[in-house]
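FYI, the numbering just counts along the sequence from 1. Atoms within each ligand, like the ligands themselves, are counted from 1 in listed order.
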Amino acid sequence: MEKILNYIDGKLIEPSSNKYLDNFNPSNGRVYSLIPDSNSNDINNAVSSAKKAFENWGSSTKKYRYDILMKIADKLEEHADALVKAESLDNGKPESLARMVDIPRAPENFRFFATAMLHFSSESHDMDGKALNYTLREPLGVAACISPWNLPLYLLTWKIAPALAAGNTVVAKPSEITPMTAYLLSKICIEAGLPAGVLNIVHGLGSNIGDALTTHEDVPIVSFTGGTLTGQHIARVAAPMFKKLSLELGGKNPNIIFEDANFEKSVAIAVKAAFSNQGQICLCGSRLFIQDTIYEKFKEALLKKVSKLIVGNPRDENTDLGAVVSKEHMGKVLSKIEEAKALGGKILIGGNRKIIEGELSAGYYLEPTVIEGLDFNCSVNQEEIFGPVLSLIPFKNEEDVVMMANSTKYGLSASIFTENISRGHRVAAKIKSGVVWINTWLLRDLRIPFGGMKQSGVGREGGFKSLQFFTEPKNVCLKI
Ligand code: TXE
């Protein structure tokens, strides 16, 4: 059985414990590889290697870093087919989705930030000719990059690429649930000639090695994407050490359909926003607010579309939903569906585990589920489920829907569907979330400030915001 290895100091090595964890294939429920069960020794080795590597990488030219990061991007593209298969096998997502979305974004992230660093500039403040302030932006040292399982390589490279482009060295901790493409990335970095220690990837349980990394005295900066509770924990342990933190957390995103929306388009996007990646995207529109005048008609069209979604083998090209990421996660989603029923929710479609006969019968498949009749304030409409579960909520007017949309502790993203431009702008201004889409969903420009309000996170990443995060400003004042 294949053993995944840690990537420390330029080498692929066993964990110091010599222990391994099982890595499951969600499509058939079987163990197919082994993950290093690392401990704080591995983290310490990785941090000291990254600290040493920072002596050269941190003072290298932008062009030097650009050349190597672009080489990594080229290699990622060369190995795209293998990465697509690996991501699908590890996560359960359809190969078609990994091919369209996840894997192309990895080289794109490297190219985008390698190039952005060449264009990155800092400020100067002239004091009426009497003095001049200029601000230098310097890398901080060893950055911790902690990423989740839903978009494994996509989100890992979204952090690593700007951190490295800005001149930091990195200790990355991918999710223990989906470690495979991070392992393949470490091989690619070796092939591309990335100097030893510049990027280290340590695999293992967050509960075992998370604190060792985030509280390490030689790690001044932490970028994390994952669950809100984990984010709270990291903030609790890292903030007293005055570390720079960026936290991208959960969401319970409203998707708002006004009666004047383009009907066909908004039905299609509502389905996509709810069920892409089995509903396991922090930006998924899991609360669908539909204006009461079109509620029944919209519901009927939506259910018709949902009934046609194919849940099946992630390798089949016509599969819409593959398996969810783990048995535990499947259990969590099913328990939320039970909770919805207990709260008086009506299951309009789905609601069950789906068993695919044959080889995949033990896989973690869930039917796409649509629920109505739940109070906007109930736990199912307030807590992130992170699965293929959509809740329909009717509304009367703008005031009504803005209140309900803003009622959760989250504030990551929202979508508004209307053909009335003024209404679109007006509602967008009132929604408390870091990202608002009008007449679309998940249309991403890598330059925008990306992140959440309230308990969806702290800080913004994307474009120059990422480079600002991964650098420390130093102002120099020169008296003339
Ligand atoms: O995430 P965790 P989990 C949500 C979603 C999901 C819930 C929990 O609702 O059901 O979070 O998922 C590492 N110190 N999202 O438990 O634990 C962990 O090893 C440092 C939303 O899988 O937050 C992994 O690498 N790191 C989300 C990463 O944190 C720690 C995507 C994320 O895992 C750690 C995923 C610790 N103490 C889940 N404990 C999104 N916003 O996209 C764990 N980790």
- Task: Could you tell me whether some N/O pair between Ser147 and ligand 1 is separated by less than 3.5 angstrom?
- Result: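 It does: an N or O of Ser147 is found under 3.5 Å from an N or O of ligand 1.
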- Message: I'd like to check whether Gly227 has a polar contact with ligand 1, where a contact means an N/O of the residue lying under 3.5 Å from an N/O of the ligand.
- Response: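 Yes.
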Would [X] and [Y] count as having a side-chain donor-acceptor pair, cut-off 3.5 Å?
X      : Y      : result
Asp90  : Thr178 : no
Gln455 : Thr228 : no
Tyr365 : Gln278 : no
Asn381 : Ser391 : yes
Ser223 : Lys159 : yes
Asn45  : Ser16  : no
His233 : Asp211 : yes

Nearest protein heavy-atom contact for [atom]: which residue, which atom, what distance?
atom                    : answer
atom 19 (O) of ligand 1 : Glu176 OE1, 2.5 Å
atom 29 (O) of ligand 1 : Phe224 CE1, 3.2 Å
atom 37 (N) of ligand 1 : His233 CD2, 3.4 Å
atom 31 (C) of ligand 1 : Pro148 CB, 3.4 Å

- Query: Hey, mind stepping through Leu83 and Glu87 against side chain to side chain contact (heavy atoms under 4.5 Å, CB included) and telling me if it holds?
  - Reply: CA-CA 6 Å; Leu83 290 163; Glu87 201 70 295; over 6 Å; no
- Task: Compare Leu249, Thr230, Thr225 and give the one whose heavy atom is closest to atom 32 (C) of ligand 1.
- Result: Thr225
- Query: So which of Gly206, Gly210, Ala172, Cys145 gets nearest to atom 20 (C) of ligand 1, if we judge by its closest heavy atom?
  - Reply: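 Shortest heavy-atom distance from atom 20 (C) of ligand 1: Gly210.
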- Query: Would Arg111 and Glu77 pass as an ion pair if we require N to O under 4.0 Å?
  - Reply: yes
I need the atoms of ligand 1 closer than 4.0 Å to a non-hydrogen atom of [X], numbered in the order shown.
X      : value
Pro174 : 25 (O)
His329 : 10 (O)
Glu384 : 4 (C), 5 (C), 9 (O), 21 (C)
Ile146 : 13 (C), 20 (C), 25 (O), 26 (N), 28 (C), 29 (O)
Lys332 : 6 (C), 9 (O), 10 (O)
Trp149 : 3 (P), 12 (O), 22 (O)
Cys282 : 40 (C), 41 (N), 42 (O)

- Message: Within the protein, is there a heavy atom lying under 4.0 Å from atom 16 (O) of ligand 1?
- Response: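 False for atom 16 (O) of ligand 1.
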- Message: Yes or no, since that's all I need: does a protein heavy atom fall within a distance strictly under 4.0 Å of atom 13 (C) of ligand 1?
- Response: yes
- So is Gln280 close enough to ligand 1, meaning a heavy atom under 4.0 angstrom away? no
- Query: Does Ile190 reach the side chain of Leu12, with side-chain heavy atoms less than 4.5 Å apart?
  - Reply: yes
- Item | Identified salt bridge (Lys or Arg N to Asp or Glu O under 4.0 Å) partner of Glu383 from the options Lys332, Lys252, Lys409 |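 When Lys332, Lys252, Lys409 are each tested with Glu383, the salt bridge (Lys or Arg N to Asp or Glu O under 4.0 Å) holds only for Lys409.
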